[in-house]
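Below: one structure, written as structure tokens.
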Number of protein chains: 2
Amino acid sequence: MLAIGTLSRKTGTKVQTIRYYEQIGLMNEAGRTSGGQRRYYVKDLDRLAFIRHSRQLGFSLDSIRELLDLSDNPSQSCAEADSIARRQLRQVEQRIKRLQALKKELKRMVAECDGESVAECKVLEVLRDHSECLTNHDEIGA
Amino acid sequence: MLAIGTLSRKTGTKVQTIRYYEQIGLMNEAGRTSGGQRRYYVKDLDRLAFIRHSRQLGFSLDSIRELLDLSDNPSQSCAEADSIARRQLRQVEQRIKRLQALKKELKRMVAECDGESVAECKVLEVLRDHSECLTNHDEIGA
DNA sequence: TTGATAAGCTACAGTGACTTTAGATAAAGG
DNA sequence: CCTTTATCTAAAGTCACTGTAGCTTATCAA
Ligand SMILES: [Zn+2]
Ligand SMILES: [Zn+2]
Ligand SMILES: [Zn+2]
Ligand SMILES: [Zn+2]
């Protein structure tokens with residue numbers, strides 16, 4: 001039986017995060033010692049590792065929930081798992097595209113400013129006026 | 001004098017978001033009609049446009065706050081504005097790098113699965129075992 | 001057995017940048 | 001005057017955690 005700190009160390013997950021996963025039903029409720037501390041089986045460690053690895057690959061907790069459900073029923077077809085992964089791939093590709101457009105704009109504004117006063121700062125000028133941009137960027141955030 | 005809905009339409013910002021910006025001190029408190037509705041000057045519209053354009057380019061609200069402060073003092077050197085933009089550029093480049101590594105892994109796992117049962121699903125296999133990966137991905141999320 | 005230290009517990013607030021909801025009030029046009 | 005549209009406040013919800021406070025349990029040496 002493993003203590004929560006062991007799971008934490010073995011998977012690089014904060015202890016609070018493990019408790020959080022339990023709270024939202026992603027991890028099963030762990031057994032407890034007489035004093036109330038959580039104790040885990042190796043299969044719980046495996047599940048946590050799966051969750052963390054999926055997070056590292058950018059999957060949302062909702063997607064991970066689906067993937068875990070599928071993984072628990074080995075007889076089904078894996079079409080659904082594959083489609084979740086393909087969706088994730090498309091999202092990543094979209095993000096890369098968007099970020100590359102941002103990179104281009106940022107690079108240009110930084111390059112074109114020669115560091116004079118704020119009044120002539122190219123960076124601030126572009127931020128004030130989108131018509132100075134080469135690309136459209138209608139979505140917000142990262 | 002412009003109503004909040006006009007600012008909303010002209011900048012593509014939700015009305016609530018404009019009120020949120022006021023609440024956190026990013027937009028000045030607007031004047032009010034006798035009935036308590038907000039009324040804006042064109043300079044407020046410009047400020048909001050600046051904020052939204054900066055958000056589209058991925059700047060955080062904290063960075064935008066600094067940029068607005070600088071923009072309000074035209075006599076200073078723009079070194080700080082430029083450095084904020086360069087920092088943003090570096091961040092974007094980092095993100096692109098990370099996402100490209102994710103893309104590679106996702107592409108590979110999707111490509112290598114031939115859609116048999118869950119038991120042999122390459123996607124799930126990789127998620128279970130990071131040693132199947134070609135790259136390290138220690139940070140989490142996007 | 002004692003006592004120190006490390007590890008764990010709950011409960012709740014905070015993060016960023018909003019979005020959503022509910023219920024009430026104001027403005028504008030016919 | 002009436003209806004419709006716009007606006008108001010206040011509070012909770014989102015995502016995926018992280019941090020804090022104040023306490024209890026487990027472990028090991030002396
Ligand atoms: Zn400059
Ligand atoms: Zn632009
Ligand atoms: Zn598969
Ligand atoms: Zn991996």
Side-chain angles (χ1 to χ4, degrees), chain A residues 1-27 29-40 44 48 50-68 88 91 95 98 137-142, chain B residues 1-27 29-40 44 48 50-68 88 91 95 98 137-142:
Chain A
M1 303 292 284
L2 313 166
I4 198 169
T6 310
L7 265 72
S8 169
R9 246 171 295 113
K10 293 217 182 197
T11 63
T13 313
K14 298 233 159 107
V15 165
Q16 296 104 303
T17 304
I18 301 174
R19 291 197 282 245
Y20 167 72
Y21 288 157
E22 179 184 302
Q23 196 184 302
I24 62 170
L26 206 54
M27 290 288 284
E29 289 200 23
R32 302 287 184 126
T33 63
S34 57
Q37 299 196 358
R38 288 170 181 82
R39 288 297 180 268
Y40 295 93
D44 299 312
L48 180 58
F50 184 105
I51 294 170
R52 295 308 277 181
H53 194 215
S54 304
R55 288 292 296 128
Q56 289 181 325
L57 288 163
F59 289 90
S60 72
L61 293 185
D62 267 3
S63 293
I64 294 171
R65 207 186 291 271
E66 289 188 69
L67 290 166
L68 282 166
Q88 175 65 15
Q91 263 186 32
R95 294 251 214 107
R98 218 184 101 60
H137 25 250
D138 26 51
E139 270 187 61
I140 223 142
Chain B
M1 304 292 282
L2 313 166
I4 198 168
T6 311
L7 263 73
S8 169
R9 246 169 294 114
K10 293 216 181 199
T11 63
T13 313
K14 297 230 157 108
V15 165
Q16 296 102 304
T17 305
I18 302 174
R19 291 197 282 247
Y20 168 72
Y21 288 158
E22 179 184 303
Q23 195 184 304
I24 63 169
L26 206 55
M27 290 290 282
E29 288 200 22
R32 299 290 182 124
T33 64
S34 59
Q37 299 196 356
R38 289 170 180 81
R39 288 296 180 268
Y40 295 93
D44 298 313
L48 181 57
F50 184 105
I51 295 169
R52 293 310 276 182
H53 193 216
S54 304
R55 287 292 295 128
Q56 289 181 324
L57 288 162
F59 289 91
S60 72
L61 292 184
D62 268 2
S63 292
I64 295 171
R65 207 186 291 272
E66 286 187 71
L67 291 165
L68 282 166
Q88 176 64 16
Q91 264 186 31
R95 295 248 216 109
R98 219 183 100 59
H137 25 249
D138 26 55
E139 269 187 61
I140 223 142

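All chains are named by letter (A, B, ...) in the order of the sequence lines, taking the proteins before the strands, and each is independently numbered beginning at 1. From a predicted model like this one, the values you see are computed outputs, not experimental measurements.
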Sole candidate of I4(B), D44(B), I51(B) that passes side-chain contact (heavy atoms from CB on, under 4.5 Å) when paired with I18(B) | I4(B)
To the nearest Å, give me how far apart [atom1] ([X]) and [atom2] ([N]) are.
X: L48(B); N: dC18(C); atom1: CG; atom2: P; answer: 11 Å
X: Y40(A); N: dC9(C); atom1: OH; atom2: C1'; answer: 12 Å
X: Y20(B); N: dT20(C); atom1: OH; atom2: P; answer: 15 Å
X: R19(B); N: dA6(D); atom1: CZ; atom2: P; answer: 13 Å
X: L61(B); N: dG14(C); atom1: CG; atom2: P; answer: 19 Å
X: M1(A); N: dG8(C); atom1: CE; atom2: C1'; answer: 15 Å
X: E22(A); N: dA16(D); atom1: CD; atom2: P; answer: 18 Å
X: I64(A); N: dC15(D); atom1: CD1; atom2: P; answer: 13 Å

OP1, OP2 of [N] versus side-chain N and O of [X]: anything below 4.0 Å?
X: Y21(A); N: dC17(D); answer: yes
X: R55(A); N: dC17(D); answer: yes
X: R52(B); N: dC18(C); answer: yes
X: K14(B); N: dT20(C); answer: yes

Over all atoms of both residues, closest heavy-atom pair of [X] and [Y]:
X: D138(B); Y: Q56(A); result: O-NE2, 3.5 Å
X: T11(B); Y: T13(B); result: OG1-OG1, 2.6 Å
X: R52(B); Y: T17(B); result: NH1-CG2, 3.7 Å
X: R55(B); Y: L61(B); result: CD-CD2, 3.5 Å

Nearest to the side chain of [X], which nucleotide is it out of [options]?
X: T17(B); options: dC17(D), dG8(C), dC18(C); value: dC18(C)
X: R38(A); options: dT10(C), dA16(D), dT20(C); value: dT10(C)
X: R32(B); options: dA16(D), dC8(D), dT10(C); value: dC8(D)
X: Q37(A); options: dA7(C), dC17(D), dC18(C); value: dA7(C)
X: S60(A); options: dA16(D), dC18(C), dG8(C); value: dA16(D)
X: T33(B); options: dT19(C), dA16(D), dA27(C); value: dA27(C)

Assert: residue with more 5' nearest nucleotide on DNA chain D, out of G36(A) and A3(B), is A3(B)
Starting at the 5' end of DNA chain C, which residue's closest nucleotide do you reach first, Q16(A) or G5(A)?
->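 Residue closer to the 5' terminus by nearest nucleotide: G5(A).
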By nearest nucleotide on DNA chain C, pick out whichever of S34(B) and R39(A) is the more 5' one.
->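 That would be R39(A).
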Test: E22(B) and R38(B) ion pair at under 4.0 Å = yes
NA contact type, R65(A), heavy-atom cut-off 4.0 Å: base, sugar-phosphate, or nothing?
-> nothing
Give one of base, sugar-phosphate or nothing for F59(A), where a contact means two heavy atoms less than 4.0 Å apart.
-> nothing
